[in-house]
**Student:** 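Below are the structure tokens for one structure; questions will follow.
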Amino acid sequence: MGTSIGSESSLTPSVQPAAIHRVFSDKAWIEGAALHQLEEMARLAGVREIVAFPDLHPGKYGATGVALLSERIHPLLIGNDIGCGMSLFALDLPLRKLKVDKAAARLRAFEAQEIDDASARLEEAGLPPELFQNSLGTIGGGNHFCELQAIDKVADGEAFDDQRLYLLVHSGSRGFGASVFESTVSSQPSLKDGLDPVSEAGEVWLAAHDRCVAWASLNRQLVAERAGLALGAEVELIADIPHNLVRVSSGGFIHHKGAAAVRPGELAPVAGSRASLSHLVRAGEGVTGALGAISHGAGRKYDRASMYGRVGKTRSDREQLLRNAWGGVAICDDRNLVIEEAAAAYKDAGHVVADLAAAGLVTPVATLRPLVTYKKAVDEVETERRDRKSGHREMRRQKDGWR
DNA sequence: ATGTGC
């Protein structure tokens, strides 16, 4: 099914579409639109193989929940949040000491916690010391979150401390990835055919991509450290797994679009929602046959726009959306985000993990329940940050003093 | 997804 490398045919869609492997059962909730997008992706220039996971759902430039092997680089498939991922941390706080409301009140202001020496942290990560420094340690919007969790159940034969608290951070490269995406789109008129990896544009994107991946990983670490400061706890990294990136393999470039990049034996979080547990799994040898990928979460069931017709029509409805069945709460002051990110918008992560396990890709290690989910707090933090930057804080103080 | 917009 090959087009020869270097010939002009590599710039046109393959006559023979790439093979699509579907890692989900008949019972999995998969939208027809996502399946259609898979077919389109299989015809993109240079694409050799596609693996689709049980959290599959439609995306802007192609389905999400996919690993795709290609001879060419497709920045559109990766999108703007280059390096986005899930990181799980253990806190040195025992579950028995937790008071949900108190923890929620503390977490609410976590983004106001000072980052000691952001420049040094960026340099340690091999990045320029000023690179999007002001966005470091922030969660962002959309499906991103920082969630305090407790172990619900540890799988038989697995040693995992179920008396501690955990923190699951889902975030990415914020404005940095967005700027890389935008400059790529504006400078490359025919991006739908992807980029030649040895062209200047290809090399520029790959280099920027690598920085985004490093920045996003550091961002999750700093989100966790700030949350730890707010809660009075040390954080210990357990897993740091990106799901929006490109990895180089012997067969080409493996594009992960919402598909966790794992190696056999590695621990990886599979995020639930406020209505279903999150899972910690161990990647099996089987992942090598799945382009080194697994699902990263439950996956969307309904698109954002359609959620407005489904939930949160009354005030009490919307308040209910901030509570979960385990006595946990969500911090989300953005009314639209409450509706778009309601638990009902997501599939059950348990079904996703069951499909992955049945395919021999993972073994379950533990399940975790949501206690405090930080999505978005009122603009206080942003306002404070802007003021500090533009020197308005002093003015505000004076103003306050006059009252 | 986004210093999310003029």
Side-chain angles (χ1 to χ4, degrees), chain A residues 34 37 55-66 74-87 111-112 115 118 122 128 130-146 169-187 191 205 208-209 211-213 215-220 222-223 242-246 255-260 271 296-300 302-305 307-308 332-341 345-346 374-393:
Chain A
Q37 284 186 325
D55 55 335
L56 188 78
H57 56 280
K60 187 165 182 185
Y61 297 102
T64 300
V66 168
H74 289 278
L76 289 179
L77 294 183
I78 302 302
N80 64 355
D81 200 0
I82 306 162
C84 185
M86 298 266 178
S87 294
E111 284 181 349
I115 294 172
L122 283 161
E130 306 296 330
L131 188 65
F132 284 80
Q133 201 190 102
N134 289 337
S135 301
L136 263 187
T138 62
I139 280 288
N143 57 1
H144 292 171
F145 62 80
C146 169
V169 178
H170 180 191
S171 189
S173 52
R174 312 285 282 107
F176 180 27
S179 73
V180 170
F181 184 76
E182 275 152 31
S183 67
T184 307
V185 168
S186 60
S187 65
L191 254 192
W205 187 85
H209 157 280
R211 286 181 163 189
C212 286
V213 171
W215 196 100
S217 173
L218 175 61
N219 188 41
R220 291 188 290 275
L222 292 178
V223 162
H243 52 247
N244 270 0
L245 76 164
V246 166
H255 295 60
H256 295 253
K257 179 55 174 177
H296 78 278
R300 279 200 92 88
Y302 300 118
D303 64 77
R304 292 189 159 83
M307 290 310 294
Y308 289 91
C332 188
D333 297 336
D334 180 329
R335 178 189 154 148
N336 291 335
L337 205 52
V338 170
I339 291 166
E340 292 173 11
E341 288 292 313
Y346 286 90
Y374 179 99
K375 294 287 290 182
K376 179 91 184 156
V378 274
D379 281 331
E380 281 171 52
V381 175
E382 268 305 308
T383 313
E384 174 86 4
R385 185 201 311 278
R386 270 199 300 269
D387 287 358
R388 205 182 303 148
K389 217 180 149 191
S390 54
H392 285 164
R393 187 164 60 163

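Here is the naming used below: chain letters follow the sequence lines, and residue numbers restart at 1 for every chain. Owing to the predicted nature of the structure, the values given are computational and were not obtained by experimental measurement.
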**Student:** What is the distance, rounded to the nearest whole Å, between atom NE2 of A:His144 and atom P of B:dG3?
**Tutor:**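 Taking NE2 of A:His144 and P of B:dG3, I get 11 Å after rounding.
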**Student:** Looking at every strand, decide which applies to A:Gly142 at a 4.0 Å heavy-atom threshold: base, sugar-phosphate, or nothing.
**Tutor:**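 Since only primed, P, OP1 and OP2 atoms lie under 4.0 Å of A:Gly142, the category is sugar-phosphate.
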**Student:** Mind calculating the distance between CZ (A:Arg174) and P (B:dT4) to the nearest angstrom?
**Tutor:** 10 Å
**Student:** Could you list the residues that satisfy ring-ring contact (aromatic ring centres under 6.0 Å, His included) with A:His209, not counting sequence neighbours?
**Tutor:**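 Scan of A:His209 (ring-ring contact (aromatic ring centres under 6.0 Å, His included), adjacent residues dropped) gives A:Trp205.
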**Student:** Mind checking if A:Phe132 touches a base, just sugar-phosphate, or nothing, with heavy atoms under 4.0 Å?
**Tutor:**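 Since a base atom lies under 4.0 Å of A:Phe132, the category is base.
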**Student:** In whole Å, I'd like the distance from the CD1 atom of A:Ile139 to the C1' atom of B:dT2.
**Tutor:**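 Taking atom C1' of B:dT2 as the reference, CD1 of A:Ile139 is at 15 Å.
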**Student:** With a 4.0 Å cut-off on heavy atoms, is A:Gly140 in touch with a base, just the backbone sugar-phosphate, or nothing at all?
**Tutor:** sugar-phosphate
**Student:** Rounding to a whole Å, what distance do you find between A:Trp215:CH2 and B:dG3:C1'?
**Tutor:**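 Nearest whole value for this atom pair: 12 Å.
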**Student:** Report the relative orientation of the aromatic rings in A:Tyr61 and A:Phe181; use parallel for angles under 30°, tilted for 30 to 60°, perpendicular for over 60°.
**Tutor:** tilted
**Student:** When the distance from CD of A:Gln133 to P of B:dG3 is rounded to whole Å, what number comes out?
**Tutor:**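 Distance, rounded to whole Å: 15 Å.
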**Student:** Whole angstrom is fine here: how far is it from CZ in A:Phe176 over to P in B:dT4?
**Tutor:**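 Between P of B:dT4 and CZ of A:Phe176: 18 Å.
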**Student:** With sequence neighbours excluded, what pairs up with A:Tyr346 under the ring-ring contact (aromatic ring centres under 6.0 Å, His included) test?
**Tutor:**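 For A:Tyr346, no residue satisfies ring-ring contact (aromatic ring centres under 6.0 Å, His included) once neighbours in sequence are set aside.
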**Student:** At what distance, to the nearest 0.5 angstrom, does CE of A:Met86 lie from NE2 of A:His170?
**Tutor:**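 Those atoms lie 4.0 Å apart.
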**Student:** From CD of A:Glu182 over to P of B:dG3, roughly how many Å is that when rounded to an integer?
**Tutor:** 9 Å
**Student:** Name the nucleic acid region contacted by A:Gly172, choosing base, sugar-phosphate or nothing; use a 4.0 angstrom heavy-atom cut-off, strictly under.
**Tutor:**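 Touches nothing.
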**Student:** Over how many whole Å does the gap from A:Asn219 atom CG to B:dT2 atom C1' extend?
**Tutor:**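 Computing the A:Asn219:CG to B:dT2:C1' distance gives 13 Å.
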